[in-house]
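Only heavy atoms go into these numbers, but all of them, side chains included; no hydrogens, no water, no symmetry mates.
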Amino acid sequence: MSETLYIVDGSGYIFRAYYAIRPLSNSKGLPTNAIYGFTTMLLKLIRERKPDHIAVAFDVARKTFRNDMYEDYKANRMEPPEDLVPQFPYFREVVKALNIPCLEMENYEADDVIATIARGLKKKKLNTVVVTGDKDLMQLVDKGISLFDSMKWREISFDEVEERFGVDPERVPDILGLAGDTSDNIPGVPGVGEKTALKLLKEYGTLEGVIEHADEVKGKLGEKLRANVEQARLCKELATVRDDVPLEYDFDDFKLGAPDPELVQKLFEELEFHSLLKELGGGHKKLEKTYHLVTELKALKALVTQLKKSDGYALDTETTSLYPTQAELVGLSFCCKAGEAYYVPVAHTTLDAQGQIKREDALEILRPLLEADSPPQYGQNIKYDQIVLERHGIHLGAVSFDTMVAAYCVNPAGSHGMDALSMEYLQYKPISFKEVVGTGKKQVLFSEVPLDKACDYAAEDADITFRLQQLLVESLKTAEQEELFSTLEMPLVPVLMRMEQAGIKLDIKLLGALSVEYDGKLKEIIQKIYDEAEEEFNINSTKQLGKILFDKLAIPVVRKTKTGYSTDTEVLQTLAEEYEIANHLLTYRALSKLKSTYVDALPKLLNPETKRIHSSFNQTIAATGRLSSSDPNLQNIPIRSEEGRRIREAFVAEKGHVLLGADYSQIELRILAHIAGDPGLLEAFAEDKDIHAATAAGLFGVTPDQVTGEQRSVGKTVNFGVIYGQSA
């Protein structure tokens, strides 16, 4: 079996990565989304395709020998996005750190470099897989040369080339010579598209064959062919990849080796790719630390004295539940000096916990410290600890710093959990919760963990939180986010805490009645689907549904998947215009989802103590700054359908109270008007105009009263597109 080389179209990878990954940057403000996407794509390729030889080809510059032949070649390409430009130097650094050869040559494109090596190795009976999504490289497909699209994760063979162009790979440049290529600004023959080019090639074989028989082609098409003979030849040459690039290479140099640990460590730390660093086995530093188990009253009182004298301390709670409104306190940990932390167990049930201080006694000793207005208290997601302690009668009095919130202010993208922050700021991998409590059937409650093991884990959490606080204070200054953190985000923490504690009441009887009603409706819809199908089947089985729709009923196939027919919502919506069964299926899915996700699920989420639903409100999830809601998500209760609105009726106020709904009126656009001082926007708001209609009127050159609903929708899209930096 001959050996295989994977050549990655690096330039293609860069742009695919840029548009695939949301905006991301490190703490110094360097954009990193394209670098991160590029790196993860490369690592996934190596991990899953397991190449034994690999190389990455790059373009060196925009201008190549093709620009000498045709000045306007690729002249239609826009300048790279502003936030991509500073990322360019790092792609080659990533490849170098992963110990993969970079291939490039002045005056040539990456495509030419790829073609030269692929065809050169073919002569030596060695196989090449070109990793690309570029249709132009389909001309390379041959015995010994294949293409692999890593975004769609599919092989591109002769069949795919013929399906795309209608010709074999060898004649792809002929198609492009006649029809041109808008992406590369290759004009082709005016008036000739791919369909016409294919028709001509089927009749005359090649571009030269078409030129030789141009006199036989009648009408305007014949005139255009005869008038553009040299242009057609030029366009074919521009579209043809060159395989004679003067490269010096040795196949053995492409053998995949291990990443360079020093380069990976240095580069990924700079980029703050800590999860990738961990994946590659780097980023594991040791912390100097001494942790103390506090099980005697005297030691606890001494700890309280020490913490009172400190400039600030980190605290953390260990409990029996992830849900703070139901969690029982098991222990508390404290740290006021990096590397030295304390764990106070108060409700462990293990044999070695017989001597621990009782929870009530420990809390009374800690109360004067915890409820005082100084020294400052630090925590990681301290809202959780506040709710837990309030359940046990303690109100934290000096909360001043949440490391999770601070990290979010410094960089809203990425993960803000303690493990991720520890890797990012300390290059240290903490003990994981799973290591302590186990997983699956062997998992235990934290209260069942032996004290020494619990101490190592809990005290470390306080220690890491304290260290992170010291570093994040400086990071907030560097990022100029101190004011945002101290005047907006931290004051929001107690507000969200009160919201979570309050929860919301449900009308259980209404939901019960809805469940029965929806059951009846679903049975009716199911019967209609069976009637249309003329048999009973599992409606929730994509395979069975596909066979009914496309095999038995012979409905035209809209889209196929790797495993059969696609029956997703988009497909059913397309079919619903003509086929009643598709309408019934859409209704069934919508109603079934409402019933399972809300009507039947919400009552099961009631807190057994309060008989209310207590959602978590997260301020560090959405990069835009919006709050998110989870366990359960109360921000996605449907409203557009009648059924959805009826579910909302189940959220009720206590007797004698009301629920008030309030919303800002176009707040983003008002802020834009204030910051930009735009006369049109300011006038529109001052006169209480419909701002989207006003924008649409300007766009379409009509008066505001003439704006249609469709035009207003375009105006709204433009307004928000401007605010959020929508690009072409």
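Heavy-atom contacts from other residues, nucleotides or ligands closer than 6.0 Å to NE2 of H674 number 12 or fewer. In the displayed structure, R626 atom CZ is contacted under 6.0 Å by at most 12 heavy atoms of other residues, nucleotides or ligands. Under a cut-off of 6.0 angstrom, the local environment of CG in L322 is sparse, with at most 12 non-hydrogen atoms contributed by other residues, nucleotides or ligands. More than 12 heavy atoms of other shown residues, nucleotides or ligands fall within 6.0 angstrom of atom CD1 in I667.
Proximity of a side-chain donor or acceptor of H274 to a complementary backbone N or O of A420 within less than 3.5 Å is not detected. At distances below 3.5 Å, at least one donor-acceptor pair connects side-chain atoms of T40 with backbone N or O atoms of G37. Not one N or O on the side chain of R467 forms a donor-acceptor pair closer than 3.5 Å with the backbone of L426. Counting only distance, with no hydrogens or angles, the side chain of N33 and the backbone of I21 share a donor-acceptor pair below 3.5 Å. Looking only at distances, no side-chain donor or acceptor of D352 sits under 3.5 Å from a matching main-chain atom of P450. The backbone N or O of F617 lies less than 3.5 Å from a partner atom in the side chain of E500, making a donor-acceptor pair. A donor-acceptor contact shorter than 3.5 Å is absent between the side chain of R391 and the backbone of E328. Judged purely by atom type and a 3.5 angstrom limit, H392 uses its side chain to pair as donor or acceptor with the backbone of L329. The backbone N or O of V330 lies less than 3.5 Å from no partner atom in the side chain of S447, so there is not a single donor-acceptor pair. With S422 contributing its side chain and M418 its backbone, the two residues share no donor-acceptor pair below 3.5 Å.
The closest side-chain donor-acceptor pair between Y18 and Q87, if any, does not fall under 3.5 angstrom. Between the side chains of Q501 and R498, at least one donor-acceptor pair of N or O atoms lies under 3.5 Å. A donor-acceptor contact under 3.5 angstrom links the side chains of E269 and Q265, judged on distance only. Side-chain atoms of N618 and S630 include a donor-acceptor pair closer than 3.5 Å.
Interatomic distance, NZ of K434 versus NZ of K442, reported as 15.0 Å (0.5 Å rounding). For the atom pair T465 OG1 and L315 CG, the distance stands at 8.5 Å (nearest 0.5 Å). Atom CG of L267 sits about 8.0 Å away from atom CD1 of I35, to the nearest 0.5 Å. Considering CD1 of I504 and CZ of R612, their distance stands at 7.0 Å, rounded to 0.5 Å. From H416, atom NE2 reaches atom OG1 of T620 across 6.5 Å, with rounding to the nearest 0.5 Å.
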Requested in this report: Take D600 and Y518 through the side-chain contact (heavy atoms from CB on, under 4.5 Å) test and state the conclusion after the steps.
Outcome: CA-CA 10 Å; D600 293 340; Y518 287 3; over 6 Å; no
Requested in this report: Could you walk me through whether V346 and L363 pass side-chain contact (heavy atoms from CB on, under 4.5 Å), step by step?
Outcome: CA-CA 9 Å; V346 296; L363 289 177; over 6 Å; no
Requested in this report: Could you walk me through whether F433 and F446 pass the side-chain contact (heavy atoms from CB on, under 4.5 Å) test, one step at a time?
Outcome: CA-CA 9 Å; F433 188 67; F446 199 84; 3.9 Å; yes
Query raised in the report: Step by step, would you call N719 with L669 a side-chain contact (heavy atoms from CB on, under 4.5 Å)?
Result: CA-CA 8 Å; N719 280 337; L669 290 166; 3.8 Å; yes
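A 4.5 Å side-chain heavy-atom check between L627 and Q635 finds at least one atom pair inside the cut-off. Using a 4.5 Å heavy-atom cutoff, the side chains of F334 and L366 are in contact. Contact of the L594 side chain with the I647 side chain is registered, since non-hydrogen atoms from C-beta on lie closer than 4.5 Å. Between K429 and D419, the closest side-chain pair of non-hydrogen atoms is not below 4.5 Å. Residues V264 and L277 have side chains in contact (heavy-atom distance under 4.5 Å, counting atoms from C-beta outward). In this structure, P608 and Q326 have side chains that are in contact, with non-hydrogen atoms separated by less than 4.5 Å. Counting heavy atoms from C-beta outward, Y384 and T317 have side chains that approach closer than 4.5 Å. Taking 4.5 Å as the limit, some side-chain heavy atom of L297 sits within range of a side-chain heavy atom of I365.
Between E649 and R646, no side-chain nitrogen of the basic residue sits less than 4.0 Å from a carboxylate oxygen of the acidic one, so the salt-bridge criterion is not met. We find that E643 and K595 are not joined by a salt bridge, their nearest charged nitrogen and carboxylate oxygen being 4.0 Å or further apart.
The aromatic ring centroids of Y457 and Y343 lie 6.0 Å or more from each other.
Residue pairs that meet the side chain to side chain donor-acceptor pair (under 3.5 Å) test with at least one member in residues 287-303, sequence neighbours left out, are K289-Y428, K289-E460, Y291-D463, H292-E340. Sorted by first and then second residue, the side chain to side chain donor-acceptor pair (under 3.5 Å) pairs with a member in residues 398-414 read Q380-T403; sequence neighbours excluded.
Between Y378 and F401, the two ring planes are perpendicular [angle over 60°; tilted spans 30° to 60°].
When the side chain to side chain donor-acceptor pair (under 3.5 Å) test is applied to E489, the partners found at least two apart in sequence or on another chain are Q619.
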